[in-house]
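Beneath this line is the structure, given in structure tokens, with notes to follow.
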Protein chains: 2
Amino acid sequence: MRGDNPNSKSRAVTLRDAVETEIVTGALKAGERLDEVQLAARFGVSRTPVREALHQLAASGLIEMRPRRGAVVAQVSPDRLVEMFEVMAELEGMCARLASRRLSDQDKEALLLAHRKCQEAAHHGDADKYYYENERFHHVVYRASRNQFLAAEAIRLHNRLKPYRRLQLRIRGRITTSIAEHEQIVTAILDGQGAAAQEHARAHIVIQGERFADLMASLNHLDEVS
Amino acid sequence: MRGDNPNSKSRAVTLRDAVETEIVTGALKAGERLDEVQLAARFGVSRTPVREALHQLAASGLIEMRPRRGAVVAQVSPDRLVEMFEVMAELEGMCARLASRRLSDQDKEALLLAHRKCQEAAHHGDADKYYYENERFHHVVYRASRNQFLAAEAIRLHNRLKPYRRLQLRIRGRITTSIAEHEQIVTAILDGQGAAAQEHARAHIVIQGERFADLMASLNHLDEVS
DNA sequence: CTCTCGTGTTATGTATACAAGAACGCTTGA
DNA sequence: TCAAGCGTTCTTGTATACATAACACGAGAG
């Protein structure tokens, strides 16, 4: 639309990313309806590319498309959320385990850097920065697995869980605990202790899943009240 | 198109499934071009639904869409294939581990039945039947994990690996070995030995991955020659 | 007063027309 | 004869028009 990218597919990516960002950041809330005409008008395109973007989002699980009844932002039940975190934990654990065996010097540096930045953000009490650096840290671990397919799948699921992850930083003391868990993961990976790295990474996510489930349950309760 | 299903979305699903089946069964070979107009004509619809189906297939990874250059059946490199099997192994292991902890009476019965049917097919030397029953067996394990999201992801990846899985049955003695591995998995799950179940299931897939990588390498070699 | 049925409106699904880029071949020159 | 440049043609990407299903609102009957 705005020629910000010479790549011919820039528009489609832009449109998809824009809607995705709005969902992930919470600008579009769960269950909210996504009107094709409205989106088309807002982005200055016709319904056709909008529909394609929505289908892509549906494929990634961020939205649900009910035939003849339009698209809505996916409403994830607490049960399903727990399941998703369970899988995320396994993927993270796998990444950590593989990383501990295959760690290159580059990945080692990247890992230490990302960990240090997390610590800095936590030290300054900057929740938003920690959120960002935490994401970088996890992506570094994914890449360090030296399994591109795994990394892509991990990022996909990570993105899908983003909206819930963001909520979690509100929990008092979570950042401090999170840093300590990162420390254990990093140490195990650097020491080449695959099993330990896997378990620490798994636990790190499982804990988040449990916290989120609690949060979700309470949020749902609030929704019912309001 | 043919009113074989009153559901309004039947056409889209049918179209997607049809193309997917052709890819999975090898009717459409890797790298082959998918012409929108041609597909539209073949299925008696316009390009619009064809494009949507292609986008869905691209999202699931079965085809690749290069901007302005059309869609081709995804060409998976041996490296990438090994990576995918590595992830599949982890998911299968996870399913087996969870199943061993959460096994319901229903799932137990289904597991034993599926295993028995595999044995029968193997006993009769019916490779096609074994292929089918083997798939059922794995699906039973996925479901027994009592994690619907995990099961869905496992099925998704399983489907994506189908074309390669099919090739693998050609390997002499593979079916017998496969059955023995199933036996170990079933026993561990029934005994509630999570770690053992996970490891057996993982190994079961890792072995396949290695076999397939060998096959792929030799097939690619043949391609180059021809 | 409530429930149900019917009609009108709105939005989705599909078809078709148009725009633009990429592949291919042809011509022309060396 | 070969290579390079240009134009044609074919295919994709987008817009728009039309068909049809779902929803909402209102009227009428019980």
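Throughout, protein chains are lettered first and strands after them, A, B, ... in sequence-line order, and every chain is numbered starting at 1.
Classification of the His204(B)-His138(B) ring pair by plane angle, with boundaries at 30° and 60°, yields parallel.
Remark: side-chain polar atoms of Arg102(A) are paired, donor with acceptor, to backbone N or O of Ser145(A) under 3.5 angstrom. Distance alone, capped at 3.5 Å, is enough to place a donor-acceptor pair between the Glu83(A) side chain and the Gln148(B) backbone.
Between the C1' atom of dG13(D) and the CZ atom of Phe43(A) lies a distance of 18 Å, rounded to the nearest Å. One atom, CD of Glu52(B), and another, P of dT12(D), lie 16 Å apart when rounded to the nearest Å. Computed from coordinates, the Ile63(A) CD1 to dT12(C) P distance equals 11 Å when rounded to whole Å. Rounding to whole angstrom units, CZ of residue Arg66(B) and P of dT11(D) are separated by 14 Å. Distance CZ (Arg47(B)) to P (dG13(D)): 8 Å, rounded to an integer number of Å. Whole-Å rounding puts the Leu39(A) CG to dT12(C) C1' distance at 14 Å. Atom-to-atom, NE2 of His55(A) to P of dT14(D) comes out at 15 Å; the value is rounded to the nearest Å.
A donor and an acceptor atom never sit less than 3.5 Å apart when one is taken from the side chain of Arg69(A) and the other from the base of dG13(C).
Considering CG of Leu28(B) and CD of Glu20(B), their distance stands at 12.0 Å, rounded to 0.5 Å. How far CG of Asn147(A) is from CZ of Arg80(B): 8.0 Å, rounded to the nearest 0.5 Å. Distance check: Leu54(A) CG to Leu62(A) CG gives 11.5 Å after rounding to the nearest 0.5 Å.
Side-chain N/O atoms of Ser46(B) include one lying less than 4.0 angstrom from OP1 or OP2 on dA15(C).
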Below 3.5 Å is the cut-off: list the nitrogen or oxygen pairs between protein and nucleotides 7-11 of chain C, distance only.
{"residue": "dA11(C)", "atom": "O3'", "partner": "Arg33(A)", "partner atom": "NH2", "Å": "3.4"}

